[in-house]
Every structure is written in structure tokens, then in C-alpha cells.
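Counting begins at 1 with the first residue of the sequence.
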Amino acid sequence: MKTACPDCRTVFRITSGELRARSGQVRCGRCRTVFNAFDELSDDAAPLLPPTASTAPLGQDPSPAALTSDLAASDAAGLGGERDGGWLPGSPAPEVADRAAQAAAERSTEVLTTATTATPLAPLSSPGESDQESKKHWLGDARRPARSAASQRWEKLLLGMLVGLFSVLLAAQLIFQLRTTISLAVPGLHPWLSALCELIGSELPLPQRSDLLTIEASDLQSEPGRAALLTLQMTVRNQANHAQAYPLIELTLTDTRDKVIARRVLYPEEYLLPDALAAGSFPARSDLDIRLRLETRSIEAAGYRLYLFYP
């Protein structure tokens, strides 16, 4: 089938698939005019007529189709035409008219053959969207050069080395945080862990299990003739099979209604003898006797409570 641009009157060949692409909406390949091909549709068996020059836009240079139209119009006007089987006076011989008609048909066929084919409209999109998509696609292809197999192997090797390094660092940090527990679970690693802590400027902390500490006996008495001075005596036992850090002792004084009237936290530096403090650890399966004098001043205490804990 054929259709003609309503603006420049260029004739195009068109298929049914192109008509169905956008419901007949096509764009002229010559003047870029969008029109409905169904409105200008004609059978492909119809004779090829040259487009008329009168439909060309004002001020536009005449196209080859327009020149062909002007030539055909001038031939028809100057040579006359056939009427009732005869020729008008002054008309050329029949063979001349046949040659002119044949030349006009050849020129119109040439115009039709060389004309740009009408293209179906692309899907509607916002202005500049297609340019952005094409630019993005082009840039993506340009920024992704083909990598060789050797470079891919090096990248995998580097990635494996980084993963291994981070795994080692994570394991080292975990060991450092649990170094005391590990030394208790595997006593043979205790010297190695101690040496490692000294190397990095740290120390191997002693275990702190308050649930393995018990108060075997305690007593709080006031000094005779000095009610403001109290003497605390207590025995603490380490039931663990390993040495531990010395705990903190919380002493709470209560009144006759068991209401708290004073509380004091005693640090190892306050209740230990110099020899025990120099040793630095509470030996395993041992008892610690504590005797401490406290000045209460105006506090009249009727009872007390003791609590062992680690900070």
C-alpha cells in the first residue's frame, strides 16, 4: 500500500505491520510531519501520481517531487489532453504525448523510489528521555571495558586475600576479648596468652567469678566506750579451682526497722594486708580473713549486710 504526507505530499510505501505499530500514526521521513497514514492510504496497485507543488510549505525550497509535479502540470497545460478520442488543435503527435507521459511516469517513479520511507512513531516519552537512555547505554558500554581472564583472576585473588586478612583480625579481636576464659579452658595456653598481652602492652586479667566466692563468717561490733567506731571481721572463701581477682565488698548499715541508713564500698586496697595486696590474686581453694575498723560518727546502726561483687 501507499500513503502520502499531507504536508509535503511525498508518497511512501507502507506495510500493514507499520500501520498497526501506532494505529496508523507515522512520521514523514522528509519533512518530519506526523500524520495518520489511514487518511492518505491508497492501494499499491494504483498508479503512481507525482505530488503537487501547491501543498509545499510557504517559503520552502521545492522538492524533487514538487518539480516533477510542476513539470507534469506544465506538460498537461501546454500539450493539451485527449477529449472524446480526438486531439485538440496544436497538440503534439500521439507518439510525442506518449513519450511525455512515459517520462512523467518515470520521474514520478524515481521520486517514489528515492523518497525516505515513512517510519512508525516510537512510544511516547518525555522530552529528552530517549537521549538520556541512549547516552546512559553508551556511557555504560564505554565505562565497562572488557576485562581479561588474567585481570579477573587477580581481582579474585586480591578479594580472597582481603577476606582472609579481615577474618584473621576478627579472630584476633575475639581471642583478645576472651583471653581469660580461654586461659581457664586451656591452661596450656596461659603462658602464650600472657606473653601476647605483654607484647601489645596489655595484661591477662584474672578471672572474676563472684558466684564462686562465699562469706563463711562475719561480725560487726562497736568498740567498748567508742560507739562511733565499728570493727568488721569476716572470712571470705574462694571456691574456684583457679586464682581470682579480689572482690569489692559492699557494707550496708541498717536501723532497727532494717532500713538502710549508710552504705560503703570497700576496695581491695582498703581491706587487704600489704602481703596479700602484693600477691595480686586470691588463691584457689583458700580463705581470706578480713579485719577492718570503720568510723560511723553519728550513725546509730542496729544491723548490717555484706555483698561481694566485681565492677
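With values rounded to the nearest 0.5 angstrom, Leu193 atom CG is found 11.5 Å from Glu198 atom CD. Distance check: Met234 CE to Leu251 CG gives 9.0 Å after rounding to the nearest 0.5 Å. To the nearest 0.5 Å, the span separating CD on Glu270 from CD1 on Ile290 amounts to 11.5 Å. Rounding to the nearest 0.5 Å gives a distance of 10.5 Å between OG1 of Thr252 and CD1 of Ile261. Put simply, CD on Gln177 and CD1 on Ile182 are 10.5 Å apart, with the number rounded to the nearest 0.5 Å. Ser183 contributes atom OG, which lies 8.5 Å from atom CG of Leu189 (distance to the nearest 0.5 angstrom).
Between Leu230 and Thr296, the shortest heavy-atom distance links the atoms CD1-CG2, 3.1 Å. Shortest non-hydrogen contact noted between Gln244 and Ala240 is NE2-CB, 3.9 Å. Of all the heavy atoms in Pro207 and Ala243, the pair that sits closest is CD-O, 3.3 Å. Here the closest non-hydrogen pair linking Tyr310 and Pro247 is CE2-CA, 3.8 Å. Of all non-hydrogen atoms in Lys259 and Asp255, the two that sit nearest each other are N-OD1, 2.7 Å. Closest approach of Ser23 and Asn36 over heavy atoms only: O-OD1, 4.2 Å.
Other residues, nucleotides and ligands contribute at most 12 non-hydrogen atoms within 6.0 Å of the OH atom of Tyr267. The neighbour count for Glu269 CD, taken as heavy atoms of other residues, nucleotides or ligands under 6.0 Å away, is above 12. Annotation: Glu300, atom CD; neighbour count of heavy atoms from other residues, nucleotides and ligands within 6.0 Å does not exceed 12.
Cluster membership for Leu206 and Ile175, using ILVMFWY side-chain heavy atoms within less than 4.5 angstrom, is not shared. Linking ILVMFWY residues whenever their side-chain heavy atoms come closer than 4.5 Å, directly or via other members, places Leu220 and Ile215 in the same cluster. Both Phe38 and Phe35 belong to a common hydrophobic cluster when Ile, Leu, Val, Met, Phe, Trp and Tyr are linked at side-chain heavy-atom distances under 4.5 angstrom. With hydrophobic clusters built from ILVMFWY side chains whose heavy atoms lie under 4.5 angstrom apart, Leu248 does not share a cluster with Leu272. No path of Ile, Leu, Val, Met, Phe, Trp and Tyr side chains, each step under 4.5 Å between heavy atoms, connects Leu212 with Val236, placing them in separate hydrophobic clusters.
A side-chain donor-acceptor contact under 3.5 Å links Asn238 to the backbone of Phe282. Side-chain N or O atoms of Thr3 include one that pairs as donor or acceptor with a backbone N or O of Ala37 at under 3.5 Å. Checking side-chain atoms of Asp7 against main-chain N and O of Thr33 turns up no donor-acceptor pair under 3.5 Å. Without hydrogens or angle criteria, Tyr304 side chain to Leu232 main chain gives no donor-acceptor distance under 3.5 Å. A donor-acceptor pair is defined here as one N or O able to donate and one able to accept, closer than 3.5 Å; no such pair exists between the side chain of Gln25 and the backbone of Val34. Distance alone, capped at 3.5 Å, places no donor-acceptor pair between the Ser202 side chain and the Cys197 backbone.
A salt bridge is defined here as a Lys NZ or Arg NE, NH1 or NH2 lying under 4.0 Å from an Asp or Glu carboxylate O, and Glu203 with Arg179 fails to meet this definition.
You'll find the side chain of Arg305 reaches within 4.5 Å of the side chain of Asp258, heavy atoms only.
Checked by atom type, the side-chain pair Ser210/Gln208 shows no donor-acceptor distance below 3.5 Å. Between the side chains of Asp287 and Thr235, no donor-acceptor pair is found at a separation under 3.5 Å. Asn241 and Arg285 share a side-chain donor-acceptor pair at under 3.5 Å.
Ring planes of Tyr271 and Tyr246: perpendicular class, angle over 60° (limits at 30 and 60°).
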Subject >> Worked check of side chain to side chain contact (heavy atoms under 4.5 Å, CB included) between Leu266 and Leu292 >> reply: CA-CA 10 Å; Leu266 303 175; Leu292 189 64; 3.5 Å; yes

Subject >> Full working for side chain to side chain contact (heavy atoms under 4.5 Å, CB included) between Arg237 and Leu213 >> reply: CA-CA 6 Å; Arg237 174 173 295 177; Leu213 300 177; over 6 Å; no

Subject >> Check against side chain to side chain contact (heavy atoms under 4.5 Å, CB included), Leu306 and Glu250 >> reply: CA-CA 6 Å; Leu306 294 172; Glu250 183 184 78; over 6 Å; no

